[in-house]
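Scroll down for the structure; my scribbles are underneath it.
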Amino acid sequence: MEEIAALAKRRGFIFQSSEIYGGLNGFWDYGPLGAVLKRNVKDAWWRDTVELRDDVVGFDSSIIMHPSIWKASGHVDAFHDVMIDCRVCKHRFRLDHVADRSQCPDCGSKDSLTEPRNFNLMMRTSIGPMEDTSSTAYLRPETAQGIFVNFKNIYQTARKRPPFGVAQIGKSFRNEITPGNFTFRQREFEQAELEYFVPDDGNDMNAFQEWVDRRKAWYASYGIKPERLRFYELAQGERPHYAKAGIDVEYLFPWGWGELESIAHRGTYDLDAHMKLSGKDLRFFDEAAKQHYTPLLIESSAGMDRTVLTFLVDAYERERSVDPNGKETERGVLRFSPRIAPVQVAVFSLARNKPELVERAAGIEAALRASFRTQYDEGNIGQLYRRQDEIGTPFCVTVDYESLDDGSVTVRERDSMRQQRVAGAGLEAFLRERL
Ligand code: ATP
């Protein structure tokens with residue numbers, strides 16, 4: 001993990017937030033490559049969840065909403081972690097992370113742990129110019145509630161009837177007591193949530209299973225190693241009392257299994273809670289049957305930062321190989337799926353100081369830019385390959401002296417490191433087929 005975090009910093013994927021002021025625990029910034037990677041991951045989720053379906057619409061609600069929303073959802077009263085502290089080393093642990101309460105898991109001291117205490121995880125702010133007269137509000141700890149309270153607005157304006165879904169990607173905030181494991185547990189993070197409303201007609205568990213299968217296929221289509229991904233089925237005692245089914249999608253990180261996403265059958269719990277507190281009717285009106293009913297809810301809630309981290313960890317490899325001169329070398333490589341790689345094609349000029357080569361290579365890069373995510377570079381080819389391997393670029397194109405004679409270029413493939421000569425006229429088609 002340290003190696004990956006170091007690479008992420010060195011190559012411009014992820015930086016610690018507020019670094020020049022000593023950093024801020026639980027907050028991270030995405031650098032030039034990380035911002036593209038994260039955007040690609042979010043776009044991939046949005047494409048599969050919204051654009052490729054005719055029964056899901058998009059949504060974008062505000063981060064700060066009426067405080068009553070968090071009362072209705074249960075977050076004001078129940079959204080807390082139970083924590084215990086070690087009196088000796090002062091470390092704080094989540095109660096459910098401590099197997100043996102007679103001994104500190106960190107310093108090993110006997111009987112040093114305090115009694116469990118509650119910590120509310122919601123971040124507070126205040127609305128209005130004067131803190132003493134303003135009212136307390138919360139930064140949302142999840143995006144889903146914005147969808148629930150707008151349920152009627154959405155189905156009426158989108159002219160949808162259950163089964164249909166509403167999807168949203170956006171920032172969420174939690175005052176996590178123990179942020180850590182790089183970007184796995186943050187205090188500000190991004191979620192991608194799908195709320196899929198179904199009629200209570202006996203097909204609800206099929207809808208649940210369809211979303212589980214769809215999410216499985218999504219991870220697989222981006223090449224996540226199947227042996228490092230599991231869909232853990234929650235037993236009755238492990239899920240909330242109102243949930244009919246629940247699955248945690250987990251990835252095997254270097255420190256163990258960690259949750260990426262949770263898929264749950266939540267019944268009518270969320271809409272019921274808002275109807276009760278607001279006194280407003282959020283039921284769906286079935287024109288044909290001329291009756292109101294509250295749809296059941298299937299939810300998929302995925303963390304985009306954890307998904308980005310998964311793509312980084314899963315793609316990373318340190319590989320030994322023998323170069324053409326018989327010398328043993330080692331390289332770090334990110335084997336990103338070409339669809340999410342921040343750079344898809346890098347184009348190099350073999351020499352920096354040869355204007356014909358530079359011009360030709362820059363021209364090729366500019367022409368490919370309309371079709372792919374590209375980058376131009378020049379200089380020592382070995383070093384350029386190493387850099388592109390480390391940022392996960394699937395193809396490198398090199399312009400050399402031969403290119404000036406016949407227009408051909410060398411294309412080098414990241415994973416096999418195989419190089420081949422490709423005619424200039426056929427280059428775009430060659431890359432398109434492989435990307
Ligand atoms: P955990 O048990 O790890 O705290 P959770 O069960 O509270 O997670 P959910 O409330 O189900 O998480 O949120 C849905 C998703 O949002 C999670 O699967 C995760 O990917 C993401 N997520 C939740 N908390 C964080 C966080 N602090 N940092 C980054 N992502 C998070």
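Side-chain atoms are counted along with the backbone in the values below, which use heavy atoms only and exclude waters and symmetry mates. Counting starts at 1 for both ligands and their atoms, following the listed order.
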Report the part of Arg187 (side chain from C-beta onward, or backbone N, CA, C, O) that has a heavy atom under 4.0 Å from ligand 1; answer both or neither where that applies.
neither
Between Tyr242 and Arg266, do the side chains contain a donor N or O and an acceptor N or O under 3.5 Å apart?
yes
Tell me: protein heavy atom nearest atom 29 (C) of ligand 1, and distance?
Phe184 O, 3.2 Å
Looking only at protein heavy atoms, identify the closest one to atom 7 (O) of ligand 1 and say how far it is in Å.
Arg174 NH1, 3.0 Å
Would you say the side-chain atoms of Asp204 and His265 include a donor-acceptor pair closer than 3.5 Å?
yes
Of the listed options (Glu142, Glu190, Gln191, Glu176), which comes nearest to atom 16 (O) of ligand 1 when hydrogens are ignored and any heavy atom counts?
Gln191
Can you tell me which residue and heavy atom of the protein come closest to atom 15 (C) of ligand 1, and the distance to 0.1 Å?
Ser301 O, 3.8 Å
Using a 3.5 Å cut-off and no angle test, enumerate the donor-acceptor pairs between side-chain atoms of residues 186-200 and protein atoms at least two apart in sequence or in another chain.
from: Gln186; atom 1: NE2; to: Glu188; atom 2: O; distance (Å): 2.8
from: Arg187; atom 1: NE; to: Glu176; atom 2: O; distance (Å): 2.9
from: Arg187; atom 1: NH1; to: Asn25; atom 2: O; distance (Å): 2.9
from: Arg187; atom 1: NH2; to: Glu176; atom 2: O; distance (Å): 2.8
from: Glu188; atom 1: OE2; to: Lys171; atom 2: NZ; distance (Å): 2.8
from: Glu190; atom 1: OE1; to: Lys38; atom 2: NZ; distance (Å): 2.8
from: Glu190; atom 1: OE1; to: Lys42; atom 2: NZ; distance (Å): 3.4
from: Glu190; atom 1: OE2; to: Lys42; atom 2: NZ; distance (Å): 2.8
from: Gln191; atom 1: OE1; to: Thr143; atom 2: N; distance (Å): 3.3
from: Gln191; atom 1: OE1; to: Ser172; atom 2: OG; distance (Å): 2.8
from: Glu193; atom 1: OE1; to: Thr143; atom 2: N; distance (Å): 2.9
from: Glu193; atom 1: OE1; to: Thr143; atom 2: OG1; distance (Å): 2.5
from: Glu193; atom 1: OE1; to: Ala144; atom 2: N; distance (Å): 2.7
from: Glu193; atom 1: OE2; to: Ser301; atom 2: OG; distance (Å): 2.7
from: Tyr196; atom 1: OH; to: Asp55; atom 2: OD2; distance (Å): 2.7

Ligand-side contact atoms (ligand 1) for residue partner Arg94, heavy atom cut-off under 4.0 Å:
2 (O), 4 (O)
Can you tell me if Thr268 and Asp272 form a side-chain donor-acceptor pair at under 3.5 Å?
yes
I'd like to know if the side chain of Glu210 pairs up with that of Asn206 as donor and acceptor (distance under 3.5 Å, no hydrogens or angles considered).
no
Report, in ascending order of atom number, the atoms of ligand 1 lying under 4.0 Å from any heavy atom of Glu261.
18 (O)
Considering only protein heavy atoms, which is closest to atom 3 (O) of ligand 1, and at what distance to one decimal place?
Arg185 NH2, 3.0 Å
Starting from atom 17 (C) of ligand 1, locate the nearest protein heavy atom and write down its residue, its atom name and how far away it is, to 0.1 Å.
Glu259 OE2, 3.4 Å
All salt bridge (Lys or Arg N to Asp or Glu O under 4.0 Å) counterparts of Arg432, not counting sequence neighbours
Glu428
Going by distance alone, is a donor N or O of one side chain under 3.5 Å from an acceptor N or O of the other, for Arg283 and Gln291?
no
Glu259 side chain to Tyr251 side chain, donor-acceptor N/O pair below 3.5 angstrom
no
Top protein contact for atom 22 (N) of ligand 1, by heavy-atom distance:
Phe189 CE1, 3.5 Å
Taking 4.0 angstrom as the limit and counting only heavy atoms of Ser262, give me the atoms of ligand 1 inside it, by number and element.
11 (O)
Nearest-neighbour protein heavy atom for atom 19 (C) of ligand 1, which is reported as residue plus atom name and distance
Arg306 NH1, 3.4 Å
Please list the nearest protein heavy atom to atom 20 (O) of ligand 1 with its residue and the distance rounded to 0.1 Å.
Leu260 O, 2.8 Å
Side-chain donor-acceptor contact under 3.5 Å, Gln145 with His75
no
